[in-house]
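Notes to accompany the following structure.
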Amino acid sequence: MAKVSKIEKAIAFTLIRLTSYIRPRWSTALSIFFYGRWGMRFNGRPNYLSSKIWIDGTDYSLIEIGNEVTMSSFIRVLTHDWALHTVAKGFDVKQDAPLGRIKGISIGDYSFVGTGTILMPGCRIGRCCIIGAGTVVRGEVPDYKILIGSPGQIVGDVRDYFQKTGITVAAEK
């Protein structure tokens, strides 16, 4: 886990946000630079990362983003959960160490994550998935699936969606 100073984060997020108003592509490039510097893994180059994404800074190396991924605004990326630590106190549970979990997140190549989505610790989004706005993603989302809701439910397949809309697609990359 890379140690990131608060000053560096403040400068980075200010630059990213200001740049987003002028050139969103530059903002994405800055996001990739800083997140990569802090340990996040990129498998290729994301298409777009909104400057309004909130990423849990527990350990950026727990996050993996695929090639050509688009992440809209107001997404929450969580790699930790300390709920049991708090609730256990109400049950007089002896705690030698904090009760929590830290798990990574991955987003597969060519996937789209809609605005207001919450990515829970340990979620894995497959290749070519569409995650609808406001979805709470937990667990594994298989390749080519469309997920919506809270909690997220699979409602379709991207390949079928193309057929229904009359869009002809070539073979996959």
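Both backbone and side-chain heavy atoms feed into the values below; hydrogens, waters and symmetry mates do not. Fair warning: this is a prediction, and the values are worked out from it, not measured in the lab.
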Worked check of side chain to side chain contact (heavy atoms under 4.5 Å, CB included) between R124 and I107: CA-CA 6 Å; R124 302 272 178 253; I107 304 170; over 6 Å; no
Worked verdict on M40 versus E64 for side chain to side chain contact (heavy atoms under 4.5 Å, CB included): CA-CA 6 Å; M40 191 179 293; E64 183 176 357; over 6 Å; no
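Remark: K145 does not engage D143 in a salt bridge, criterion side-chain N to carboxylate O under 4.0 Å.
For the pair I154 and P142, the tightest heavy-atom approach, listed with the atom from each and the gap, is CD1-CD, 3.8 Å. The two residues V69 and G108 come nearest to each other via the heavy atoms CG2-O, 3.2 Å.
Contact of the R138 side chain with the P151 side chain is registered, since non-hydrogen atoms from C-beta on lie closer than 4.5 Å. Side-chain contact between L147 and V155: absent, with no pair of heavy atoms (C-beta onward) separated by less than 4.5 Å. At a threshold of 4.5 Å between non-hydrogen side-chain atoms, the residues Y48 and P24 count as touching. Counting heavy atoms from C-beta outward, E68 and D109 have side chains that stay 4.5 Å or more apart. In this structure, L99 and K89 have side chains that are not in contact, with every pair of non-hydrogen atoms separated by 4.5 Å or more. L119 places none of its side-chain heavy atoms less than 4.5 Å from the side chain of R76. The shortest side-chain heavy-atom distance between V77 and I63 falls under the 4.5 Å cut-off. A heavy-atom distance below 4.5 Å is found between the side chains of T117 and V137.
In this structure, R41 places its CZ atom where more than 12 heavy-atom neighbours from other residues, nucleotides or ligands lie under 6.0 Å away. The number of heavy atoms from other shown groups lying within 6.0 Å of CD1 (I7) does not exceed 12. With a 6.0 Å radius and a threshold of 12 heavy atoms from other residues, nucleotides or ligands, F13 has its CZ atom above the threshold. Counted within 6.0 Å of NZ on K103, heavy atoms from surrounding residues, nucleotides or ligands total 12 or fewer; the atom is thus considered open. Around atom CH2 of W54, more than 12 heavy atoms belonging to other residues, nucleotides or ligands sit under 6.0 Å away.
Distance CG/D157 to OH/Y161: 13.0 Å, rounded to 0.5 Å. With rounding to the nearest 0.5 Å, the separation of CZ in F162 from OH in Y144 is 11.0 Å. Atoms CD1 and OG1, from I75 and T115 in turn, are 7.0 Å apart once rounded to the nearest 0.5 Å. Note that CG of D81 is 5.0 Å distant from CZ of R101, once rounded to the nearest 0.5 Å. Distance check: I118 CD1 to L78 CG gives 7.0 Å after rounding to the nearest 0.5 Å. Considering CG of D56 and CD1 of I102, their distance stands at 8.0 Å, rounded to 0.5 Å.
Using a distance-only test at 3.5 Å, with no hydrogens or angles considered, a donor-acceptor pair links the side chain of N67 to the main chain of R45. Between the T19 side chain and the I16 main chain, no donor and acceptor come within less than 3.5 Å of each other. Panel note: side chain S72, backbone V113; a donor-acceptor pair is recorded below 3.5 Å. For the pair R37 (side chain) and I32 (backbone), a donor-acceptor distance under 3.5 Å is absent. Of the possible donor and acceptor atoms, one in the side chain of T28 sits under 3.5 Å from a partner among the backbone N and O of L49. With T135 contributing its side chain and I131 its backbone, the two residues share no donor-acceptor pair below 3.5 Å.
Taking hydrophobic clusters as Ile, Leu, Val, Met, Phe, Trp and Tyr residues chained together by side-chain heavy-atom distances below 4.5 Å, V93 shares a cluster with L84. If you chain together hydrophobic residues whose side chains sit under 4.5 Å apart, I148 and V158 fall into the same group. Linking ILVMFWY side-chain heavy atoms closer than 4.5 Å, directly or via other members, places Y21 and L30 in two distinct hydrophobic clusters. Hydrophobic clustering (side-chain heavy atoms under 4.5 Å, transitive across Ile, Leu, Val, Met, Phe, Trp, Tyr) groups V4 together with I105. When the side chains of ILVMFWY residues are joined at heavy-atom separations under 4.5 Å, either directly or via intervening members, I65 and L62 end up in two distinct hydrophobic clusters.
One side chain, S73 or S50, offers a donor N or O that lies under 3.5 Å from an acceptor on the other. When only modelled atom types and interatomic distance are considered, S20 and S27 share no side-chain donor-acceptor pair under 3.5 Å.
Taking the six-membered ring for Trp and thresholds of 30 and 60 degrees, W38 and F34 have ring planes inclined between 30 and 60 degrees apart.
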